[in-house]
Amino acid sequence: MQSVVERVLNLLIFLLETPRPVTADEIRHTVLGYGEQSDEAFHRMFERDKDVLRRLGVPLKMEALDAWEVDFGYNVDPAEYALADPDLTSEERVALSVAARMVRLGGAPSGVEALLKLGGVERAVGLEPLGADLGPGSELLGALFGAVTERRSVTLHYRGRPRSLNPYGLAHRRGHWYLVGAGEEGERIFRVDRIERLSVGGDAFGFEKPKDFDIRRAVATQPWEAGHDPLIEAEVRFAPEVAWWAARTLGLPVPEEDLVARVPVANRDAFVGWVLSFGEHAVVSSPPEMRSEIRERVLAAMEGLE
Amino acid sequence: MTSARTVDRLSRILALIPYVLERDGAELVDVLERFGYTEAQLARDLDTVFVCGLPGYGPGDLMEAYIDEDEVIIDAAEYFTRAPRLTPGETLGLLAAGITAMEMGLSSPALASAVAKLSDLVVPDAGQTLSVDVAEGSGQASALKEAAASHSVVRITYRSVGREETTTREIEPWTVFTTLGRWYVTGHCRLVDDQRTFRVDRIKAMEILEETFTPPSDVPEPRAAYTPSPDDLSCVIDLKPAARWVLEYYPVEVLRESSRTTRIRFSSPDAEVPGRLLLRLGPDARLVEGPEVAARTREIGEALLAAYGAP
C-alpha cells in the first residue's frame with residue numbers, strides 16, 4: 001500500500017513536469033497510487049490530496065478545457081511554485097527563528113515551519129519562553145493578508161451583511177486583529193474574528209491604495225478612539241485610588257493625587273463603559289450629554305436589579 | 001481530512017530536497033540540525049523520496065536519495081530545485097513574529113534586515129500595511145523582564161483583578177509575556193506561597209530588591225486566566241446580544257443561550273467587579289440572582305447618581 005506522502009509527491013512531480021493542464025482522469029491513470037481505486041474512492045482521495053497541496057502552498061491551477069466547462073485540467077506552473085527567496089543570511093535566519101519561537105499565533109510558534117522553506121536554521125534554538133501571544137489566528141487571517149499584499153478586492157460578511165471592499169492593511173491591537181479597508185461607506189475597520197465569511201475575488205493588483213495610507217494611524221490605540229461618532233473631548237476626574245492606573249492607560253504622567261483628564265472620544269459607548277468600570281471613582285464633568293447618558297445607563301442598570 | 005503530520009512531513013521533504021540539491025550533497029549533521037530531524041526520521045523520508053518520481057516509475061524515473069556515511073545525497077530531482085513559495089499565512093506569521101519581537105525591544109540589526117527582506121517580497125510598504133502593537137507604556141514590563149533574567153526578587157504594590165484592593169507583596173518573577181492585549185508577569189508569590197500571574201498594568205509601584213532567587217528548572221506554562229476559588233461569590237446575569245463581549249473578557253460559565261439572551265454565572269472574590277460591570281452594561285444586562293451583588297451595585301449606583309445629579 002502506497003503512503004499518502006508518496007502519492008502526493010508523485011502527483012506534484014507530474015503536475016510540475018507536464019506543461020499542459022491534465023484531467024483528473026489522466027492523473028488517475030498515470031500517477032502511481034490512484035490506479036486501483038473505485039470512482040468514489042478516487043475522487044475522495046484526489047480531493048484530499050488537492051487540499052494537502054494547497055496547505056503546502058502549492059499554487060494548483062484549475063481551468064476548463066472546453067467551452068462547456070465539462071472537463072477541467074490541473075496544472076502547477078513551476079515559476080509560480082518556486083519560492084521567491086529573500087536570501088537571508090544565517091544571522092538573519094537565527095534572529096527570525098528566535099522571534100518565531102517566542103511569538104505565538106494560533107497557539108503555535110509563529111512561522112517556525114515557514115523557516116524550513118527558507119533553508120532552516122543552522123544553530124538550533126530551543127523553544128523560547130512565551131513572549132507574546134497574538135491570539136487564535138486563522139486561515140482567514142492568512143487569506144486576508146494575501147488579499148492585502150496582492151491588492152485583491154474582497155467580499156466579507158460582517159454583522160450579518162455582505163460588504164465589498166478593497167483591503168488596505170492588518171493590525172494587531174489590544175489582543176485582536178483588525179482589517180482596514182475601503183468600501184461604499186469609505187474607510188472602515190473590521191475585527192477579523194468577527195468576519196463570518198470571506199471571499200477573495202478580483203484581479204491581483206486590481207486597486208490602488210491611497211499613497212498616504214498608514215495602518216498605524218488608521219487603527220486607533222484606545223477603543224474609544226476607534227469609532228464613527230462625531231469627535232468630542234470629554235473631561236473626567238479620577239479619584240486618587242485609581243488616578244495612577246487611569247493615567248497609565250491614557251499615557252499621562254502619574255499624578256500625586258487625583259487626575260483630571262481631557263480625552264478625545266470617537267466611540268462614546270466604549271468610553272462610557274471604560275469610565276464606569278472605575279465605579280464611583282471616575283466622574284465625567286463634561287460634556288453634559290455624556291453626563292446624562294451615564295445617568296441613564298446607571299438608572300437602567302439599577303432598574304434591572306428589582 | 002489528511003492529518004497535519006502528513007502535511008508537516010511533506011513540507012519538510014520539499015524544503016530538504018532543494019537544500020541538498022543546491023549543495024550537491026549536504027553534511028548529515030547540518031541537515032539534522034537545520035531541519036530538526038532525528039537520523040531515523042531523515043532515513044525514513046529519504047526512503048520515501050527514493051521511490052517517487054516521474055510516471056513510468058522505473059529505475060531511471062525515480063529520484064535518488066540516501067545517506068552515504070556522513071553525507072546526504074539527493075539526485076535526479078530537478079523539478080524540486082526550489083522550495084515551494086511561502087503561503088500568505090506563513091509570510092504573515094514570520095513577519096508578525098519579527099515585528100512583535102522588535103516592538104518588544106528585542107530588535108537587532110539582523111532581525112531588522114530579515115524583516116525588511118521578507119516584507120520586500122510581498123509588499124513594498126510593509127510598515128504601512130501590517131502593524132502589531134504590543135507596547136507597554138509604563139516601562140514596568142521591561143523592568144520586570146530584567147528582574148526575571150537576573151533572578152531578582154521584586155516588591156510590588158498590586159491592585160487585584162478579582163478584588164478591588166491593593167496589597168504589597170514580594171514576588172520571584174519567572175516570565176513576562178503579553179496575551180490578548182495585556183502584559184503579565186508570572187512567578188512565585190511569597191504572600192500566598194504559590195505560583196501567581198499578575199497583570200502588569202495593575203502594578204502601582206515596584207522595587208527590584210537586591211535579594212535573588214533560584215528559579216524552578218522547568219518554569220510551568222503561565223496561567224493568565226483567573227481561577228475561581230470555592231470562597232467566591234457567584235451571581236447569575238442575563239446578557240442581551242450587545243453585552244455578549246463579556247464572555248470574551250471574563251471567565252464566566254454560560255448557563256443558557258438563545259438568540260436574545262445569554263445567561264451566565266459570574267464568579268469573583270467580592271461584589272465589586274460584577275457590580276461595576278452591571279452598571280457599565282446598563283440596559284443590556286439584568287441581574288437574575290445574587291443578593292450581595294445587587295446590594296453593592298445599588299450602593300455604587302447611588303454614589304454615581306449623586307455625582308451626576310438626580311434626574
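Letters A, B, ... are given to chains in the order of the sequence lines, protein chains preceding strands, and every chain is numbered from 1. All of these numbers come straight from a predicted model, not from anything done at the bench.
Using modelled atom types and a 3.5 Å distance limit, the side chains of B:Ser131 and A:Arg173 yield a donor-acceptor pair. Between the side chains of B:Thr48 and A:Glu6, not a single donor N or O lies within less than 3.5 Å of an accepting N or O. For the residue pair B:Ser11 and A:Lys117, no side-chain donor N or O sits within less than 3.5 Å of a side-chain acceptor on the partner.
When the candidates A:Ala301, A:Gly120, A:Pro167 are compared by the number of heavy-atom contacts under 4.5 Å with chain B, A:Ala301 comes out ahead. Each of A:Ile215, A:Leu276, A:Val298 has some count of heavy-atom pairs under 4.5 Å with chain B, and the biggest count is that of A:Ile215. Each of A:Ala100, A:Gly251, A:Pro86 has some count of heavy-atom pairs under 4.5 Å with chain B, and the biggest count is that of A:Pro86. Counting heavy-atom pairs closer than 4.5 Å to chain B, the top residue among A:Leu83, A:Leu56, A:Leu118 is A:Leu83. Between chain B and the residues A:Asp87, A:Asp269, A:Val242, A:Val283, the most heavy-atom pairs under 4.5 angstrom are made by A:Val283. Looking only at heavy-atom pairs under 4.5 Å with chain B, the residue among A:Leu16, A:Thr89, A:Leu96 that has the most is A:Leu96.
One finds the CZ atom of B:Arg280 at 10.5 Å from the CH2 atom of A:Trp274 (value rounded to the nearest 0.5 Å). Residue B:Tyr184 holds its OH atom at 10.0 Å from CG of A:Asp133, rounded to the nearest 0.5 Å. Between A:Leu12 atom CG and B:Leu14 atom CG the span is 6.0 Å, to the nearest 0.5 Å. Atom CZ of B:Phe80 and atom CG of A:Leu9 lie 5.5 Å apart (nearest 0.5 Å). If you take OG1 on B:Thr129 and CG on A:Asp214, they are separated by 8.5 Å, rounding to the nearest 0.5 Å. Note that CG of B:Leu92 is 9.5 Å distant from OG1 of A:Thr149, once rounded to the nearest 0.5 Å.
Looking at A:Arg237, there are no atoms closer than 4.5 Å to chain B (heavy atoms on both sides), in backbone or side chain. In this structure, chain B has no heavy atom under 4.5 Å from any part of A:Arg44. For chain A, the nearby part of B:Leu95 is the side chain; its heavy atoms alone come within less than 4.5 Å. Within the 4.5 angstrom heavy-atom criterion, only side-chain atoms of A:Ile294, from C-beta onward, approach chain B. With a threshold of 4.5 angstrom between heavy atoms, A:Val148 approaches chain B through side-chain atoms but not through N, CA, C or O. Proximity to chain A involves both the backbone and the side chain of B:Ser113, based on heavy atoms less than 4.5 angstrom apart. Within the 4.5 angstrom heavy-atom criterion, atoms from both the backbone and the side chain of A:Val284 approach chain B. Looking at A:Phe213, both its backbone and its side chain come within 4.5 Å of chain B, counting heavy atoms on both sides. Looking at A:His281, the atoms closer than 4.5 Å to chain B (heavy atoms on both sides) all sit in the side chain, from C-beta outward. Contact annotation for A:Leu134: only side-chain heavy atoms (C-beta onward) come within less than 4.5 Å of a heavy atom of chain B.
Closest approach of A:Trp245 to B:Arg199, counting heavy atoms only: CZ2-NH2, 4.0 Å. Nearest heavy atoms, B:Thr100 versus A:Ala132: CG2-CB, 3.6 Å. Minimum interatomic distance between B:Leu304 and A:Ala282 (heavy atoms only, all atoms of both residues): CD2-O, 4.3 Å. The heavy-atom pair separating A:Phe14 from B:Pro55 by the smallest distance is CD1-CG, 3.5 Å. For the pair A:Arg295 and B:Gly309, the tightest heavy-atom approach, listed with the atom from each and the gap, is CD-O, 2.8 Å. Heavy atoms only, all atoms of each residue included: B:Pro283 and A:Arg297 are closest at CD-CG, 3.9 Å.
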From CA spacing to verdict: side chain to side chain contact (heavy atoms under 4.5 Å, CB included), A:Leu299, B:Tyr308
CA-CA 11 Å; A:Leu299 281 169; B:Tyr308 285 100; over 6 Å; no

Is there a side chain to side chain contact (heavy atoms under 4.5 Å, CB included) between A:Glu92 and B:Leu111? Walk through the geometry before answering.
CA-CA 6 Å; A:Glu92 289 167 345; B:Leu111 183 59; over 6 Å; no

Stepwise side chain to side chain contact (heavy atoms under 4.5 Å, CB included) check, B:Ile13 with A:Val5:
CA-CA 10 Å; B:Ile13 290 173; A:Val5 175; 3.9 Å; yes

Do B:Lys204 and A:Arg248 pass the side chain to side chain contact (heavy atoms under 4.5 Å, CB included) test, and can you show the C-alpha distance, the side-chain angles, and the key distance before you say yes or no?
CA-CA 10 Å; B:Lys204 184 178 183 183; A:Arg248 200 167 274 164; 5.5 Å; no

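Counting only distance, with no hydrogens or angles, the side chain of A:Arg55 and the backbone of B:Val7 share no donor-acceptor pair below 3.5 Å. In this structure, the side chain of B:Arg85 does not engage the main chain of A:Ala82 through any donor-acceptor pair within 3.5 Å.
Under the 4.5 Å side-chain criterion, counting only non-hydrogen atoms from C-beta, A:Trp244 is in contact with B:Arg159.
With salt bridges taken as basic N to acidic carboxylate O contacts below 4.0 Å, one links A:Glu280 and B:Arg296.
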